[in-house]
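Values below: every heavy atom of this structure, side chains too, minus hydrogens, waters and symmetry copies.
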Amino acid sequence: MSSASNTLSPGVRIRAIRALGQLPGSPQLRAALLQLLTHHSAAREGTAVLYLMTAVETLGQVGTVDEVDEVAAFLAHPSRDVRIFAARALRQIAAPSAVAPLREQASRELVEAVKIEISETLQILAPQGR
């Protein structure tokens, strides 16, 4: 994001990131969202986690199979909320390549809310265990 965006309130920034999900998913848009993910990937608390969650959510709306690995990486994020948003984003992207990382995270996930989100995503992406 530009230095001008650093002067915006967190609420405005979050709404702006979410609004990107309403645009056609161009390579430039996906690249900008991936840049946000990279910038906030180390976030553990505060508004930076909110930016990360929102960027993951928005990438789920406009992403393609090309972004599955980047989104799937957040299934192991320390924040359970980020993990939930990553599972939802993978559900929206709906790529078969998301099944393996989802199953892997499901096997080690300890938080029930995340387990449920992963399970619901797998039911859609791999019904009857496919």
Side-chain angles (χ1 to χ4, degrees):
M1 299 193 101
S2 72
S3 60
S5 67
N6 292 330
T7 63
L8 298 175
S9 74
V12 171
R13 290 181 74 187
I14 289 168
R15 284 190 295 280
I17 296 166
R18 279 203 174 118
L20 295 174
Q22 304 305 311
L23 299 174
S26 70
Q28 295 83 3
L29 173 57
R30 293 191 304 274
L33 289 167
L34 289 171
Q35 184 178 15
L36 276 172
L37 292 181
T38 300
H39 182 74
H40 295 292
S41 65
R44 301 296 183 259
E45 60 185 26
T47 55
V49 170
L50 296 175
Y51 297 146
L52 180 59
M53 290 166 43
T54 306
V56 168
E57 174 185 47
T58 303
L59 191 56
Q61 295 168 350
V62 299
T64 67
V65 66
D66 295 334
E67 287 80 38
V68 166
D69 290 343
E70 287 86 352
V71 174
F74 289 98
L75 290 170
H77 192 274
S79 166
R80 84 159 184 206
D81 294 325
V82 171
R83 295 194 308 274
I84 288 170
F85 274 66
R88 287 179 186 163
L90 291 170
R91 183 182 320 150
Q92 289 183 295
I93 293 172
S97 58
V99 171
L102 284 160
R103 284 187 176 146
E104 183 179 328
Q105 182 63 27
S107 72
R108 64 175 177 251
E109 183 59 56
L110 302 175
V111 177
E112 193 62 30
V114 181
K115 287 181 182 182
I116 290 168
E117 201 65 47
I118 290 172
S119 176
E120 289 176 3
T121 299
L122 284 170
Q123 287 175 2
I124 291 168
L125 298 182
Q128 291 95 35
R130 287 189 276 157

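Among all heavy-atom pairs drawn from Pro101 and Leu75, the shortest one is O-CD1, 3.8 Å. Among all heavy-atom pairs drawn from Ala55 and Leu36, the shortest one is CB-CB, 4.0 Å. The heavy-atom pair separating Gly21 from Thr58 by the smallest distance is N-CG2, 3.3 Å. The two residues Ala89 and Val56 come nearest to each other via the heavy atoms CB-O, 3.4 Å. Nearest approach of Val68 to Ile93, heavy atoms of both residues: CG2-CG2, 3.9 Å. Of all the heavy atoms in Leu125 and Ala95, the pair that sits closest is CD1-O, 4.1 Å.
Side-chain N or O atoms of His40 include none that pairs as donor or acceptor with a backbone N or O of Met53 at under 3.5 Å. Looking at Thr54, its side chain never comes within 3.5 Å of a backbone N or O of Ile14 through a donor-acceptor pair. Remark: side-chain polar atoms of Arg80 are not paired, donor with acceptor, to backbone N or O of Pro78 under 3.5 angstrom. Panel note: side chain Ser107, backbone Glu104; a donor-acceptor pair is recorded below 3.5 Å.
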Review point. Passes side chain to side chain contact (heavy atoms under 4.5 Å, CB included), Val49 versus Asp81? Steps please.
Key: CA-CA 9 Å; Val49 170; Asp81 294 325; 5.5 Å; no
Point to revise | Phe74/Ser79 under side chain to side chain contact (heavy atoms under 4.5 Å, CB included): CA gap, chis, key distance, verdict | key: CA-CA 9 Å; Phe74 289 98; Ser79 166; over 6 Å; no
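Exactly one of Val114, Leu102, Ile116 qualifies for a side chain to side chain contact (heavy atoms under 4.5 Å, CB included) with Glu109. That residue is Val114. Glu120 pairs with exactly one of Arg91, Arg88, Lys115 by the side chain to side chain contact (heavy atoms under 4.5 Å, CB included) rule, that one being Arg91.
Here CG of Leu90 is found 11.0 Å from CD of Glu67. Values are rounded to the nearest 0.5 Å.
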